[in-house]
Amino acid sequence: MRVPAVIYADASLLRDMDQKVYEQITNVASLPGIVEAAYAMPDAHWGYGFPIGGVAAFDPDQGGVVSAGGVGFDISCGVRTLHTGLQLADVRPYKQQLADALYKAIPAGVGSKGRIHLNHDLMHGMLTGGAQWALEQGWGEDSDLERMEEGGRMVGAVASYVSPKARERQKDEMGTLGSGNHYLEVQRVAEVYDQHVANVFGLRVDDVVISIHCGSRGLGHQIGTEFLRDMAIAASQYRIDLPDRELACAPLTSPLGKQYLGAMRAAINCALANRQIITHLTRDAVKTVFPGVHLGLLYDVSHNTCKLEQHAINGQKKALFVHRKGATRAFGPGHPDLPAVFRQVGQPMLIGGSMGTSSYVLCGTQESEKRAFNSACHGAGRAMSRHQATKQWQGSALVDDLADRGIIIRSPSLRGVAEEAPGAYKDVSVVVDVADRAGLARKVAQLEPLICIKG
DNA sequence: ATGTAC
């Protein structure tokens, strides 16, 4: 190991944590050019190479690397939350109607396709323009952009590094949710922990919000697949001794490293555009039930990225490439990259729970910088495999149980629902409490699900 | 996460 490995957890999370997390975070700590420490967030679980819930920063001047497995297959998977201006009492009588409208409007499930088809020029615009491009196409409002990381457009995206196959897989998938843990949820604010910050974020108890969790679909997956292969082949050429083949990586200064960064940034734009188009579809769908309602964006976060950021190392600012795989950026108050509306209080962080359980809104703190390069958890984190979950739960029974609790589930796949059983996840409340107590982030509000459109 | 295998 070149640096220590640090796991943020309490006794209960540590006891249940997959032993693979210890092994994987230790392996990450041995990669070339890693700085300070390799970190595992409280929701960490076994992933490909890096644990999901892993954070690691690399210095390009010390032989630092970029790893496709350190970002994950679903590049720039993330969450955005929209205000509705509605209260629980407004929505309650129309829940079925709203669920129907949303399920009809937003394609969900494995291989889901949308009504948008990208030709070569549109694909290029999307890969380089992100949510800004989506706005230019008419899918959104100007005011949306400042409420996204990178202002809705990741600079440094290089469309020519995105393969024809990756483009082919994506051309009919814009504005679709996908499968797995992706969802669109109508939620109510159940509790506020920090009144001042909640006011700035526009959240009051019983306000209804809509959260969208999805990523870069087939495109990100294809880019991840191709570069993992190429990085594994190139590792010996770069004389990198890998403790695990899945940690395939390339020096940040190498041609392959730069190609991956260019393609990954294009995938970040794809995810931003995708969530933007789904936002537009959501606005239209909600209007069919609540004609006068306007959905304003609270914020959009990515939790699978590698970003170039300035961080203090031994009192000196350094430009580092921070991998966050299943980890949410947590910029604190005063950070220059935050829009004016959040600069006093810190970045909103949207933490999706498991199906049928709470989600949380957190915010970045000054302390976050000293803990894990301004990072915290991204969700509940799996506690068992998908296969194990399907053996233990039936999708139809879960849908019925949740309906009894007033939560409407709409999904094209009952097996998908079983894989996402709440019991297959850690307790998200424990995860965010640990994040709060460890100083990774601060709790702002708790959200409870009313309707879940599940991929 | 994923055209759940190429």
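Listed by residue number, the members of residues 322-330 of chain A with any heavy atom below 4.0 angstrom from DNA chain B form an empty set.
Of the listed residues (A:His303, A:Arg329, A:Arg324, A:His323), just one forms a side chain to side chain donor-acceptor pair (under 3.5 Å) with A:Ser375, and that residue is A:Arg324.
Applying the salt bridge (Lys or Arg N to Asp or Glu O under 4.0 Å) criterion to A:Glu168, with sequence neighbours excluded, gives A:Lys171. For A:Ala435, the side chain to side chain contact (heavy atoms under 4.5 Å, CB included) test picks out A:Pro42, A:Cys377, A:Leu440, with sequence neighbours left out. Evaluation of the ring pair (Phe, Tyr, Trp, His ring centres under 6.0 Å) rule for A:Tyr161 yields no partner, not counting sequence neighbours. Under the rule for a ring pair (Phe, Tyr, Trp, His ring centres under 6.0 Å), A:Tyr103 has no partner lying at least two apart in sequence or in another chain. When the salt bridge (Lys or Arg N to Asp or Glu O under 4.0 Å) test is applied to A:Asp59, the partners found at least two apart in sequence or on another chain are A:Lys318.
At a threshold of 4.0 angstrom between heavy atoms, the contacts of A:Gly180 are confined to the sugar-phosphate backbone, with no base atom among them.
Evaluation of the side chain to side chain donor-acceptor pair (under 3.5 Å) test over residues 383-392 of chain A, restricted to residues two or more places apart or in two chains, returns A:Arg386-A:Glu420. The side chain to side chain donor-acceptor pair (under 3.5 Å) analysis of residues 7-25 of chain A, with sequence neighbours excluded, yields the pairs A:Asp10-A:Ser12, A:Lys20-A:Glu23.
In this entry the distance linking CD of A:Glu168 with P of B:dC6 reads 17 Å, nearest Å.
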Atom pairs under 3.5 Å, N or O on each side, protein against nucleotides 3-5 of chain B: can you list them with distances?
residue	atom	partner	partner atom	Å
B:dG3	OP1	A:Arg169	NH2	2.1
B:dG3	OP2	A:Glu173	OE2	3.0
B:dG3	O6	A:Lys165	NZ	3.4

